[in-house]
Amino acid sequence: MDTLYDLIIIGGGPAGLAAALYAGRAKMKTLLFEGEKYGGQIALTTEVENYPGAAVNETGPGLVARMAEQAEHFGVELKLENVTEVDFASKDKKVTTAKGDYFAKTIIIATGANPRKLGVPGEADLTGKGVSYCATCDGAFFEDLPIYVIGGGDTAVDEAYFLSKFGRKVTIVHRRDELRAARSIQDKVFNTPNIEVMWDSVVEEIGGDGLVEKLVLKNVKTGELTEVNASEDDGTFGVFVLVGYIPANELLVDKITLDEQGYVPAGEDMKTDVPGVFVAGDLRAKKLRQVVTATSDGALAAIQAEAYVQHEY
Ligand code: NAP
């Protein structure tokens, strides 16, 4: 058989890289796969303010590049190969990429979750330049500016309330005439003077030259288009797209148990229902998806993987 690793980590965001660091320091023979470039969601964030110890002007790509270097320093092999298949049926688990099969005693899955996109013109180009998918990450950058929140679920409504502490005015843009969010959260929002709701509306286009400057909205009942433009004084405004998440679970369907939303249920020990297979980061069913919670999951998963190799393999 090819090399048998102690641990293969799938996913090179903060959860996977933190797991790699802990595994490397524990002298586990460890291989980490990341599809295209390290970082996951955080690599899309221009400025990271909420990770303890982050430098002033810390960028997402900068932070994860150092995490990757740190893991390599402790002997972890990092490979930019897309994992196409996993097989957990045998004691030694198999991970397949376009370049071949790899085998390990334990696996940590840290493939994350991706925010659902609107798929409208301008959205991709202006991501990180006014378009955001994370209020906790980026809210503070819109101090005293208008903010548009797209979506009507718990996340959108919760975060609209959070963003109302930064933005001069927050407008929730929802495609129906009733919110999906829990009544208690709705009440909070309806009682906040600087939040309003634009009903029956969808985004048609996001525009701007380097920063968001324009939003085109359509009333789905009347077909009427409304163009929102940044004032000269503001120069820009925020567009928070909070229309749900899509867990990156494609490899796992029928391989491990997923919850109703497609996340992997696991407690503090990060154990999935397959012995020797652990989960870490945004793919785990949890309340707060942040770098700080992802790295914590990664450390815990690596420690559990080490214990499995020592006592259960
Ligand atoms: P969600 O419940 O799936 O809501 C997504 C929202 O986005 C819905 O209002 C939906 O509209 C809208 N939407 C979806 N696709 C859209 C599109 N292409 N264009 C415009 N609008 C679109 O997602 P979530 O709010 O992220 O919540 C995910 C889960 O986490 C839920 O189970 C939620 O209850 C839970 N959660 C709970 C809390 C809390 O308890 N405080 C906080 C956050 C999240 P429609 O309503 O018309 O479908």
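Atoms within each ligand, like the ligands themselves, are counted from 1 in listed order. Quick caveat, the model's predicted, so the values are computed rather than measured.
In Y161, the OH atom is not crowded: 12 or fewer heavy atoms of neighbouring residues, nucleotides or ligands sit closer than 6.0 Å. Atom CG of D187 has more than 12 heavy atoms from other residues, nucleotides or ligands within 6.0 Å.
Judged as a salt bridge (charged side-chain N to carboxylate O under 4.0 Å, His left out), and not counting sequence neighbours, E81 has no contacts. Partners of D234 by salt bridge (charged side-chain N to carboxylate O under 4.0 Å, His left out), not counting sequence neighbours, listed by chain and number: R168.
Sorted by first and then second residue, the ring pair (Phe, Tyr, Trp, His ring centres under 6.0 Å) pairs involving residues 61-89 (not counting sequence neighbours) form an empty list.
Residues T272 and F278 have side chains not in contact (no heavy-atom distance under 4.5 Å, counting atoms from C-beta outward).
In this structure, ligand 1 sits under 4.0 Å from heavy atoms belonging to L118, G151, G152, G153, D154, T155, D158, H174, R175, R176, R180, I185, V243, G244.
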